[in-house]
Amino acid sequence: MKRLQVPSWITTLAVALLAFFGVWYAKQGGHISVYWYQVVQLAAITAISALGLNLIYGFNGQFSLGHIGFYAIGAYGSALITKDYVTKWSGSQTGALAWMLAGQIGLVFALVLINKLGLPVVKKRISSSLSEHLAPHEANTLGTLAVLLISAASLAASVAVALGLHALLAPALETIISSLPEGASRPLIFALALINGGSIAALVSYLVGLALLRLGSDYFGIATLGFAVMVYTALQNSDLVIETMKGARGMVGIPPWSTWPWVAGGLVLLAIVMRNMLRSSHGRAMISVREDEIASQSMGVDVTQLKNLAFTMGGFYAGVAGALYAHLYGFLHPSSFSMIKGFDPLIIIVFGGLGSMTGTILASVMFALVIEGLRVILPQGFEDWRFVIYPIILLLIMLLRPSGLLGTSEWGWLRAPLPPERDIPVPNRSLRGSAVSASSEEE
Amino acid sequence: MNRILAKTLLRPVVWVIYAALAAGLLYGIGYLVQLNGPTYFAQAILDGLRLGFVYALIALGYTMVYGIVRLINFAHGDVFMVGAFASYYAVARYGWSFVPAILFAMVICLLLNIVIERVAYKPLREAPRIASLITAIGVSFFLESFTALRFAFSADYITYKRPFEVTVWKFWGLSITNATVIIVGVTLALVLGLQYVIRRTKIGKAMRATSLDKSAARLMGINVDGVITFTFALGAALAGAAGTLYAIAFPQIWTFMGIMPGLKAFTAAVLGGIGSVPGAFVGSLLMGTVDVLVVSFLPLGSRLRDLFAFLVLIVVFLVKPTGIFGEPQVEKV
């Protein structure tokens with residue numbers, strides 16, 4: 001006799017709906033304070049950002065320590081747009097939006113152009129045709145010069161594209177927004193701001209990945225950590241470039257539009273996208289890159305492209321999460337994006353299990369509960385002990401469960417249709433990477 | 001005909017490019033020199049090197065630990081902070097002079113790091129490497145917050161009392177303090193001593209063997225756990241000395257002072273090629289010099305110094321992905 005099996009998507013949907021309406025009714029009925037309502041939202045936002053990092057590190061094996069940088073870029077990028085809508089700091093309601101859209105499209109245009117021109121091939125051709133007459137280093141220099149000139153020309157073309165687009169976009173957006181009623185234009189602007197936060201972060205992470213992903217894994221980690229510190233320093237001095245970002249004084253006047261439906265909806269949507277992506281052939285190829293780069297390369301997997309894809313997508317997730325965060329409190333300060341805070345997503349994904357989406361979401365909730373719960377539990381006069389006890393908990397959990405809460409296992413609909421045949425170990429191989437270690441360890 | 005034309009026309013173009021690059025570099029240095037006078041420039045370089053020497057002491061601890069257990073020991077910067085505080089207590093509370101104070105700081109850090117290694121890293125030796133990285137972050141948080149408690153060091157900035165009076169000597173307008181001389185001298189002595197230990201002693205040989213291949217070293221009868229503990233202790237002693245010297249150079253200490261110097265020193269170690277002792281030294285000197293040059297010459301340099309420090313790292317990585325002294329990475333199947 002066959003047992004009746006409930007399809008996994010039904011149970012997962014039930015749990016998700018339960019969580020959603022539970023929080024929603026608790027808020028509407030006044031059972032939880034505004035403070036805890038924000039904590040729950042923050043947990044979901046952290047989950048989005050951590051999912052992005054899990055995609056980069058847990059599923060693709062690229063040890064990134066700079067996730068907080070993309071989070072910060074998404075936060076500030078989207079905050080500029082919505083603040084513009086509310087206060088017209090750029091002179092019109094949609095000025096910042098028009099500039100950002102035009103700039104991004106221009107940048108994408110330049111990237112596509114450079115990609116289509118195939119610069120490495122061009123350089124190789126020029127160098128090889130010249131090397132008949134010249135010494136190799138001379139030919140190389142001329143080739144580099146030619147490539148630099150071509151890239152400069154395509155950059156100039158993209159700047160022209162961006163300026164032209166801006167001239168078209170700015171009045172069009174202005175008329176659309178002003179013709180819409182308040183109730184329709186506000187969510188539209190917010191949605192656009194969220195997507196923009198994500199896409200700016202994704203573009204930046206694509207560029208960073210382009211430059212840095214060829215480094216060995218620990219070198220990559222440090223370089224991305226350096227990138228995060230650079231973003232932090234730049235944000236502290238952002239008032240030098242855009243006055244309204246206020247630099248180290250903190251950006252104010254951002255409309256607090258993040259609500260539970262927006263945050264939960266974003267989390268669900270992005271989790272579905274990530275789950276389906278991971279179960280596709282691209283996703284499986286990504287996981288194969290984590291397991292063994294050389295083996296997957298010899299199976300015909302385009303390793304570089306997949307690393308870039310995962311890194312860009314992770315950057316997008318971080319950017320959207322940052323955008324939601326910016327509109328949660330309506331206040332942004334660079335200290336929220338410091339290096340110390342940057343370890344949070346890493347801690348979460350290691351706790352939840354590298355390569356487990358369920359674990360990431362669970363660990364984000366637990367993380368928020370521990371951090372905020374300590375604030376409630378500790379008696380008067382012992383508030384400073386919060387960050388003494390938290391690392392002790394961290395140490396204990398790590399010593400007791402070194403491979404995370406769930407390892408690589410998933411629950412419900414997030415699980416793959418076919419379970420993996422063996423427990424996949426945490427990506428140890430990909431962590432190997434220094435010059436010295438290449439010859440050591442288990443050969 | 002074509003070939004001769006190409007040869008005669010193209011080669012001058014190449015040489016013009018080289019000349020322009022060289023001229024640009026020379027002009028840049030010349031511009032900096034004439035901007036505020038050669039003395040100012042030389043002084044900036046000197047201060048940068050002094051900072052670099054302190055970074056070098058921290059970076060050596062990072063690079064040795066990394067070379068042996070492949071762990072980015074994020075707690076190292078906080079051990080450095082404890083060293084600064086230990087020498088502060090020795091000098092300000094007990095009135096010790098410089099040599100006992102720095103020795104005291106070194107011993108305290110050494111003991112602290114041995115405890116950290118036993119508690120936080122040793123149980124995880126067989127676990128995935130990321131686990132010990134997370135515990136390192138945890139230890140770092142713990143040290144920072146625990147020492148910031150009121151009954152420990154407190155979270156205030158504390159003015160460090162130097163164990164000796166500062167005297168300034170003038171050489172052609174350059175001012176050199178005895179603090180600078182002591183920093184450079186102590187660092188050089190410690191680095192040479194370290195090189196001696198690594199290259200000439202039995203335990204150094206064991207360290208090198210362990211860093212090459214842990215299991216083969218164990219088969220050869222080397223006490224791998226002991227070697228690892230020894231490495232942590234050695235690195236921590238250097239960090240303790242670095243903490244004392246840093247506090248002498250910049251006499252203001254607080255419990256979060258370890259984060260940035262620690263990060264920059266580690267970056268310097270990576271810059272030089274991690275796992276290599278000369279690399280860490282050269283990388284640190286470069287890092288310190290860039291740090292001070294940015295502050296002295298750029299408008300708003302003191303606000304943007306971190307940005308440029310890491311920009312240098314990324315530029316070096318773009319040119320040489322394994323650092324200045326790093327060997328090219330070999331992937332084996």
Side-chain angles (χ1 to χ4, degrees), chain A residues 63 130 132-134 138 141-142 145 211-212 214-216 218-219 221-223 225-227 229-230 232-234 236-237 240 293-295 339-340 343 346-347 350 354 384-385 387-388 390-392 394-395 398-399 402-403 425-428 431-443, chain B residues 3 6-7 10-11 13-14 17-18 66-67 70 72 119-120 123-124 127-131 134-135 137-139 141-142 144-146 148-150 211-215 259 263 266-267 270 273-275 300 303-304 306-307 310-311 313-314 317-318 321-323 326-333:
Chain A
F63 180 47
L130 286 177
E132 290 175 35
H133 319 296
L134 300 171
E138 291 170 334
T141 314
L142 276 184
L145 182 74
L212 297 180
R214 66 204 175 98
L215 299 177
D218 277 351
Y219 289 93
I222 288 304
L225 182 62
F227 166 77
V229 176
M230 281 166 72
Y232 172 69
T233 318
Q236 278 204 317
N237 301 296
L240 301 174
E293 237 173 75
I294 296 170
M339 187 186 105
I340 308 276
F343 289 131
L346 183 71
I347 291 169
V350 173
L354 290 173
D384 301 346
W385 282 80
F387 286 104
V388 179
Y390 155 64
I392 295 177
L394 191 77
L395 275 175
M398 224 52 245
L399 292 175
S403 51
V426 179
N428 210 359
L431 264 174
R432 187 182 66 170
S434 84
V436 195
S437 72
S439 55
S440 72
E441 287 183 25
E442 73 304 305
E443 238 82 46
Chain B
R3 173 172 297 188
K7 235 178 183 171
L10 284 175
R11 184 153 286 154
V13 174
V14 174
I17 296 171
Y18 284 166
Y66 188 89
R70 314 266 173 270
I72 304 175
V119 173
L124 291 172
R129 263 184 25 178
I130 183 69
I134 298 288
T135 54
I137 294 171
V139 169
F141 284 177
F142 177 78
E144 282 158 18
S145 323
F146 184 78
L149 292 177
R150 232 162 290 127
S211 99
L212 268 180
D213 192 328
K214 225 180 277 173
S215 40
I259 300 175
L263 186 60
F266 182 68
T267 310
V270 177
I274 193 147
L300 300 164
R303 287 170 70 180
L304 296 174
D306 296 342
L307 206 151
F310 290 99
L311 201 63
L313 174 83
I314 288 179
F317 272 166
L318 288 181
T322 49
E327 293 152 33
Q329 210 169 329
V330 197
E331 275 284 345
K332 282 189 200 165
V333 182

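Note that the coordinates shown come from a computational prediction; the quantities given were computed from them, not determined experimentally. Throughout, protein chains are lettered first and strands after them, A, B, ... in sequence-line order, and every chain is numbered starting at 1.
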Worksheet item: Pick from A:Leu395, A:Thr141, A:Asn237: which one has the most heavy-atom pairs with chain B under 4.5 Å?
Response: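 Looking at each of A:Leu395, A:Thr141, A:Asn237 in turn, A:Asn237 comes out on top.
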Worksheet item: Which word best sums up how the rings of A:Trp385 and B:Phe146 line up, parallel for under 30°, tilted for 30 to 60°, or perpendicular for over 60°?
Response: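 Geometry flag for B:Phe146 against A:Trp385: perpendicular rings.
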Practice prompt. Would you please classify the geometry between the A:Phe387 ring and the A:Tyr390 ring as parallel, tilted or perpendicular, with 30° and 60° separating the classes?
Written response: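 Geometry flag for A:Phe387 against A:Tyr390: perpendicular rings.
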Practice prompt. Supply the atom-to-atom distance A:Leu212 CG to B:Leu318 CG, rounded to the nearest 0.5 angstrom.
Written response: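 Spacing of CG (A:Leu212) from CG (B:Leu318) equals 6.5 Å.
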Worksheet entry | Gap separating the CD1 atom of A:Ile347 from the CE atom of A:Met398, nearest 0.5 angstrom |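 So the CD1 of A:Ile347 and the CE of A:Met398 are separated by 9.5 Å.
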Worksheet item: Taking B:Ile259, B:Leu263, B:Val139 one by one, which has the highest count of heavy-atom pairs under 4.5 Å against chain A?
Response: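 The residue among B:Ile259, B:Leu263, B:Val139 with the greatest pair count is B:Leu263.
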Worksheet entry | chain A interface, residue from B:Thr135, B:Leu124, B:Leu149 that has the most non-hydrogen pairs under 4.5 Å |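 Between B:Thr135, B:Leu124, B:Leu149, the count favours B:Leu149.
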Worksheet item: Can you say whether B:Leu304 sits under 4.5 Å from chain A via the side chain, the backbone, both, or neither, judging by heavy atoms?
Response: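 Both parts, backbone and side chain.
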Discussion item. Do A:Leu394 and B:Phe142 have side chains that approach each other closer than 4.5 Å (heavy atoms only, starting at C-beta)?
Written reply: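 Answer no - side chains too far apart.
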Worksheet item: In terms of heavy-atom proximity below 4.5 Å to chain B, should A:Leu142 be classed as side chain, backbone, both, or neither?
Response: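 Just the side chain, heavy atoms under 4.5 Å.
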Worksheet item: Given that the side chain runs from C-beta out, which part of A:Leu346 has a heavy atom under 4.5 Å from chain B: side chain, backbone, both or neither?
Response: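 Interface part for A:Leu346: both.
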